[in-house]
Each structure stands twice: as C-alpha cells, then as structure tokens.
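Naming convention: chains lettered A, B, ... in sequence-line order (proteins, then strands); numbering from 1 in each chain.
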Amino acid sequence: MAGNIPKNLKYTEEHEWARQEGSVVVVGVTDHAQSSLGEVVYVELPKVGATLTAGNQFGVIESTKAVSDLYSPLSGKVVKVNEALLGDASAINTDPYGAGWILELEPSDSSQLAGLLDAGAYEDLLKGS
Amino acid sequence: MTRRTPLNDGHRALGARMVDFAGWDMPVQYSSVIAEHEAVRNAVGLFDVSHMGEIEFRGPGALETANRLITNDLSKCADGQALYAGLLNEQGGFVDDVVAYRFSPERILIVVNASNKDKDFAWMQARAEGVKPVDRSDDYAQIAVQGPKAVALVQRLTPVDLTKIGTYRFAEGPVAGIACIVSRTGYTGEDGFELYCAPGDAEALWKALLQEGQADGVKPCGLGARDSLRTEMKFALYGNDIDDAHTALEAGLGWICKLDKAGGFIGRDALAKQKAEGIQRKLVGFEVTGSGIPRHGYPLLKDGQRVGEVTSGTQGPSVKKPIGMGYVPVELSGEGSTFDVEIRGRAVPAVVVKTPFWKK
C-alpha cells in the first residue's frame, strides 16, 4: 500500500520526505513509513546545530515492535527539531506530513534537493517493493 | 513450512498484519498494538493461541509419569486444577515453561510453547517412565478471552457456572454450543479464560465471541499486544527471559519448583544445590529512568562494565514507561539498585523496581 504521497514533496528511498520552506528544508517520514512501522512510541533526534550528511543516519524512530534508523535527505545544519515528539511521538502516525515533522535543516547545498525522488518516483519505488 | 491455525483466513479478513512466529503464520496486530493492549486492560480482547502445543498422558499412572517431568506438584491438586510449571534439564535450566491440566489421575494435559513443541515431545518421550505421551496438538485450537469483561462475555455464551471456576481451575462444557475446555488462565495479568476446542469449531467460536462481545468493546488482539501485556506483568517468555542456560531459581521461578515433592523431578538436585549455595545472578524487572526504550539483547552496564543484557523490553502501554527485564549479578538485583542500559551506544540509567510493573 502506497499511502498518501503529497505531490509537492521530495522523497528518499529510506522513506523520509523533504519540503523546502524558504531557506530551510523540513524533514519527516512518509505515510507509508509510519504505517509500516506501526505505532511510533519514541524518536531520538539530533541536537540543534548538529551537522548532517545526506544519506547518513541522524536519529532513530521506535515503534511498539521495531527500531528503525532515520537518514538525512540532505547535507546541512539542524536549525530546529520537533520537540513535541519527545514527549509524545504519536503525531508521526496521525499527521506524518504536518504535526509529525521531525526537523528543519539549513541545507549546505540546495541543489541536493533536486536529486531526491519526486512523488511519482517514490510511488513507483513503493509499488516495486 | 509455515503452519496456519484454523483462524488464519479470519485474521486476514480482519486485516491483520501477519508475521512468522515459531513457524506459524500469526497475527501481530489487527489495528494497533496499543489499542489492543488497552482493550485487554479495560474491556476484553481475543487472542488466537492455537499454535500452542498440547501433550497428553492418559491411562493408569498418567499423573505419576507427568508429575515426574514437571517441577510443580500435580499430586497436590484437585481434578479440574491447572498448574504453571517448568520442564527442566539436569542443570536446572528450562526446557520449557508449561501449564499442566489435571483432568483426573489418569488424564493429564500439558500445554507447551509452540516454538518448543517438538523438542518437548521428544524430551518427554525419552524421559517418561510409565505412560507414554501423545502429541494432541492437532486436536486442539485455543482462543484466549482476556480482560475485565471476559467473564461476563463468556458467561453469556455458556450454561457452565463460571463463578465455580476459580483462577487456574477449568471445566468442560459448551461455549456458543461448541464443546470446550474452559480454563481460567491467561498470559495478560487480566481475568479471563483460555478456551480449547476442536480445530473445526474454532472459527465458529471466534465469531460468536466477537459478535457477543461487540457491546463490551471486544477486540481481536495480536502477538504484539500479548507481548506488551505479559511484559508489564513480568511473565517470562521462553527464549527471551528463560532458556536452557538460566535456572528456575535465577529466573525467580523457584515457586513453581517443589524441591521436596515425592518422586522429585528432572533438574531437582541441581536446583537444591544451587539453593543451598546461593544464586549468582537473577532476573530483575527495571524501569529506564533516562530517555530510550530497552530492547532484547541490549547490554546492561555497571560502571561501564557489561553485567548482563536485556531479555525483554518495551514501552509499557499501561505503565507508560520504558520497562525491561534482564539477568544481573545478584548484588545488583535488589529493588532500587541502579545500572545502565546501553541503547545504541549511550548508557541510559535504569533502576530495579518491584514487579509486576502493572498493578490495577
């Protein structure tokens, strides 16, 4: 099941999404990811100011049964994390593209965004899996 | 080969997420582990546990034969009573944990873990002095009905007076018109029953319970909720919290081992020796006081040194805390003792607490 795949976002093969908002990029996990994980009970996030590298692990998401790594879609500096998730991570399940956002980063190379999957390519990836 | 219970099609029709468990295709969840967990704590939940194994001893001498294999003492029971017990190796470690049912001195049924059934059966066959065991696993399906509303739900479907079946007692009678063993047992910490029926009747029984339980908020529940419920009770899971390398005393299950029962049991001498000498490590329940969830296999550290590992761990849906179990040196096993759980390279503090974790 592909789930909800908004057209205006970019995606990774690891099921993160990225959304440009001015000079920053908001990152979260997709509807497909949250649905596959089951109920998310814990998220481990990087500190504000941390430097992330595209494709590298930046955190961990845990559901009732599984532990999964989170990978950064882009290189850049973390400017904000969704602290509400630290007390209650359920927004990742209920609103993965909204209240369930994970962090904002300031990309070091904005052209990396163009290299991510668009909605159609991500949908194809899910169909193939 | 993956095996299927008689309820397999029904689970799929209900949209269950299926997983391989001990060679069985079983539902891990239908809607949500947390919602299913809470249905059992607050209302009633149904579990398909047909994958469990049933091994029978029947005929003159059945009681004596079976009783020599298990740690607890069926000879002190009444007919219609069930006992939690261990099957131990000669070193006092677990071959399995079981529930033994005494129908009469000539009919004993031992319910074993699905993952261990073949091993247990071979083990019993090799050691039974007298009556030979018969594998009856294909003759029984099993549905667990668990939760504060379980008794009322089952009572509406049966003429058997359930007030007469106390905890760890059982009776035989029809439920929804289907011949059942009605056993007041379970693995959730809640009141309820485990219903054993013929495999061909399982679907009708499951549907009748779902239908009749609608007003109670009944939910079909998967292995995910079964695991979180039993962890909150610190009920041991074979392969995680108990195994052949840890003795019953180390697991805190000395209470199911009757060292002075007539005829003894396999592993008795090793336990008696260990009891006299004192144990070196103990299975404890702990809460993580820092940030993170303990998981099976994570190291337990004291002052940076590895002293054990997590055997079971979860975010407890009812206790609303990250909880776990693990074997630690006995000097770290007292309530209030502290150590760290290594969670992905971080040492996260934890404290030994009184168990069960969940109390009403």
Side-chain angles (χ1 to χ4, degrees), chain A residues 1-4 14-15 29-48 50-53 56-72 78 81-96 99-100 102-103 126 129, chain B residues 15-21 26-40 219 221-232 237 240 287-288 290-298 310 312-324 341-348:
Chain A
M1 204 178 69
N4 178 18
E14 308 287 353
H15 311 289
V29 300
T30 66
D31 188 36
H32 169 82
Q34 70 77 19
S35 159
S36 312
L37 280 164
E39 289 148 303
V40 176
V41 291
Y42 181 76
V43 190
E44 199 172 285
L45 298 175
K47 292 200 170 16
V48 170
T51 305
L52 307 186
T53 305
N56 282 9
Q57 190 207 337
F58 71 79
V60 167
I61 185 165
E62 296 200 35
S63 66
T64 45
K65 287 305 284 178
V67 184
S68 306
D69 292 332
L70 293 165
Y71 296 93
S72 184
V78 177
V81 298
N82 186 355
E83 295 198 351
L85 297 178
L86 301 176
D88 176 8
S90 62
I92 290 177
N93 290 121
T94 54
D95 191 7
I102 290 176
L103 57 77
L126 296 184
S129 66
Chain B
R17 186 173 294 169
M18 307 297 287
V19 294
D20 180 80
F21 178 81
M26 297 298 289
V28 66
Q29 67 175 71
Y30 297 82
S31 53
S32 128
V33 172
I34 294 171
E36 290 161 27
H37 179 111
E38 285 175 351
V40 174
K219 274 192 193 299
C221 302
L223 295 176
R226 191 169 160 82
D227 194 53
S228 58
L229 287 158
R230 71 94 194 164
T231 303
E232 287 186 337
L237 173 64
N240 281 36
E287 276 176 22
V288 170
S291 169
I293 300 171
R295 302 278 183 179
H296 177 74
Y298 285 6
V310 177
S312 286
T314 192
Q315 171 76 16
S318 300
V319 301
K320 303 196 188 308
K321 288 174 186 165
I323 53 173
V341 184
E342 188 184 324
I343 300 180
R344 294 180 291 278
R346 287 185 301 129
V348 181

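- Proximity to chain A (any heavy atom under 4.5 Å) is shown, for B:Ser228, by neither the backbone nor the side chain.
- In this structure, the salt bridge (Lys or Arg N to Asp or Glu O under 4.0 Å) partners of B:Glu287, at least two apart in sequence or on a different chain, are B:Lys321.
- Evaluation of the salt bridge (Lys or Arg N to Asp or Glu O under 4.0 Å) rule for B:Arg295 yields A:Glu62 as partners, not counting sequence neighbours.
- Contact of A:Val60 with chain B is made through the side chain alone, with heavy-atom distances under 4.5 Å.
- Contacts between A:Ser90 and chain B at a heavy-atom distance below 4.5 Å are absent for every atom of the residue.
- In terms of heavy-atom pairs under 4.5 angstrom with chain B, the leader among A:Val43, A:Val41, A:Leu86 is A:Val41.
- Contact count against chain A (heavy-atom pairs under 4.5 Å) is highest for B:Ile34 among B:Thr314, B:Ile34, B:Ile343.
- Using a distance-only test at 3.5 Å, with no hydrogens or angles considered, a donor-acceptor pair links the side chain of A:Glu39 to the main chain of B:Val33.
- Note: B:Gln29 CD to A:Thr64 OG1 = 6.0 Å, rounded to the nearest 0.5 Å.
- Using modelled atom types, no side-chain atom of B:Arg344 and backbone atom of A:Gly59 make a donor-acceptor pair closer than 3.5 Å.
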